[in-house]
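Note that the numbering runs from 1 along the sequence shown for the chain. Given the structure is predicted, the values throughout are model-derived calculations rather than measurements. Heavy atoms only: backbone and side chains are in, while hydrogens, waters and symmetry mates are out.
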Amino acid sequence: MATVELRFSAQPEHVRTARLVAAAVARRVGVEEAVLDEVRLAVGEACSRAVGLHRSNGLTAPVRVVLTEEDKVFSIEVGDEVPAPAGGGAEAVPGMTAVLESEGETEDEMGLAVISGLVDDVEVSSGESGGTIRMSWPVAGVSELS
């Protein structure tokens, strides 16, 4: 299992770096070339969302991105440190399906809808220590990192 962890201050200008690192690691572990744009876009949306949440909640903690290749699957987790609303617990974000069907979407919901349109395998969770968006893609070939 190869893992790369990236932490960056919640500044919009760092999102581009996270996208470039994600695409480079995805290419190296064997994600199909045709899927790399989806990886870049999804990571950009997830990181922009985390940056926005940190900034709007006055947090100075870094945004974290963890890229992992395991069992022919490449996954990316983008985490923020914004706690779930009281009583939310560490469960999947409620209403994820409704996000995709909603007409009066907030910017946050729109970002989640874009991510779910780009990534077939996506999980969004939120707990007391923050939220995580986990996305994964199949790995086509043998990893160079093994």
Side-chain angles (χ1 to χ4, degrees), residues 1-86 88-97 99-100 105-146:
M1 173 172 74
T3 301
V4 174
E5 185 171 346
L6 173 66
R7 291 179 182 266
F8 62 91
S9 59
Q11 300 296 322
E13 56 268 20
H14 298 308
V15 172
R16 181 175 189 268
T17 302
R19 282 194 327 252
L20 293 172
V21 169
V25 174
R27 177 178 286 119
R28 185 168 178 132
V29 300
V31 172
E32 289 187 25
E33 202 65 33
V35 179
L36 292 178
D37 281 339
E38 293 173 11
V39 171
R40 251 188 303 274
L41 289 169
V43 168
E45 283 294 329
C47 288
S48 293
R49 177 181 180 271
V51 166
L53 287 170
H54 276 225
R55 292 172 65 99
S56 66
N57 286 281
L59 295 177
T60 58
V63 172
R64 67 189 181 286
V65 181
V66 179
L67 307 106
T68 307
E69 186 237 342
E70 178 175 48
D71 297 329
K72 299 184 180 180
V73 173
F74 175 62
S75 65
I76 300 175
E77 290 185 9
V78 177
D80 63 68
E81 302 222 356
V82 178
E91 59 190 36
V93 173
M96 184 63 181
T97 306
V99 164
L100 301 175
E105 297 172 336
T106 65
E107 188 174 324
D108 182 47
E109 292 169 336
M110 182 61 95
L112 290 174
V114 168
I115 292 167
S116 18
L118 290 168
V119 185
D120 290 337
D121 186 11
V122 63
E123 298 171 18
V124 181
S125 60
S126 184
E128 292 178 9
S129 60
T132 302
I133 296 177
R134 184 179 187 281
M135 307 165 281
S136 60
W137 296 267
V139 174
V142 177
S143 169
E144 294 177 30
L145 296 178
S146 302

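Listed by first and then second residue, the salt bridge (charged side-chain N to carboxylate O under 4.0 Å, His left out) pairs involving residues 50-67 amount to none (not counting sequence neighbours). For residues 29-44, the pairs satisfying side-chain hydrogen bond (donor to acceptor under 3.5 Å, both in side chains) are Arg27-Glu33, Asp37-Arg40, with sequence neighbours left out.
Nearest heavy-atom pair, Ile115 versus Ile133, reported as atom, atom and distance to 0.1 Å: CD1-CD1, 3.9 Å. Ile76 and Ala22 make their closest contact through CD1-CB, 4.0 Å (heavy atoms, listed as atom of the first residue, atom of the second, distance). Closest non-hydrogen pair, Ala23 versus Leu36, comes out as O-CD2, 3.9 Å. Residue Leu67 comes nearest to Phe74 through the heavy atom pair CD2-CZ, 3.7 Å, listed as atom of the first residue, atom of the second, then distance. Here the closest non-hydrogen pair linking Ala42 and Val119 is CB-CG2, 3.6 Å. Minimum interatomic distance between Glu45 and Gly111 (heavy atoms only, all atoms of both residues): OE1-CA, 3.6 Å.
Among residues two or more places apart in sequence or in another chain, the salt bridge (Lys or Arg N to Asp or Glu O under 4.0 Å) test is passed with Arg7 by Glu5. Under the side chain to side chain contact (heavy atoms under 4.5 Å, CB included) criterion, Leu6 pairs with Phe8, Ala18, Val21, Val65, sequence neighbours left out. Under the side chain to side chain contact (heavy atoms under 4.5 Å, CB included) criterion, Ser56 pairs with no residue at all, not counting sequence neighbours. For Ala24, there are no side chain to side chain contact (heavy atoms under 4.5 Å, CB included) partners, not counting sequence neighbours. Residues satisfying the side-chain hydrogen bond (donor to acceptor under 3.5 Å, both in side chains) criterion with His54, sequence neighbours excluded, are absent altogether. A search for side-chain hydrogen bond (donor to acceptor under 3.5 Å, both in side chains) contacts involving Asp121 returns Ser136, not counting sequence neighbours. Residues forming a side chain to side chain contact (heavy atoms under 4.5 Å, CB included) with Ala50 (at least two apart in sequence, or on another chain): Val63, Val78, Asp80. Among residues two or more places apart in sequence or in another chain, the side-chain hydrogen bond (donor to acceptor under 3.5 Å, both in side chains) test is passed with Ser9 by His14.
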Next item on the list: I would like to know whether Val124 and Thr132 meet side-chain contact (heavy atoms from CB on, under 4.5 Å); could you show each step before the answer?
Entry: CA-CA 6 Å; Val124 181; Thr132 302; over 6 Å; no
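Looking only at side-chain heavy atoms (C-beta outward), Val73 and Val139 stay at 4.5 Å or farther from each other.
How far OG of Ser75 is from CD of Glu70: 7.0 Å, rounded to the nearest 0.5 Å. To the nearest 0.5 Å, the span separating CG on Asp120 from CE on Met135 amounts to 13.0 Å. One finds the CG atom of Leu41 at 7.5 Å from the CZ atom of Arg19 (value rounded to the nearest 0.5 Å).
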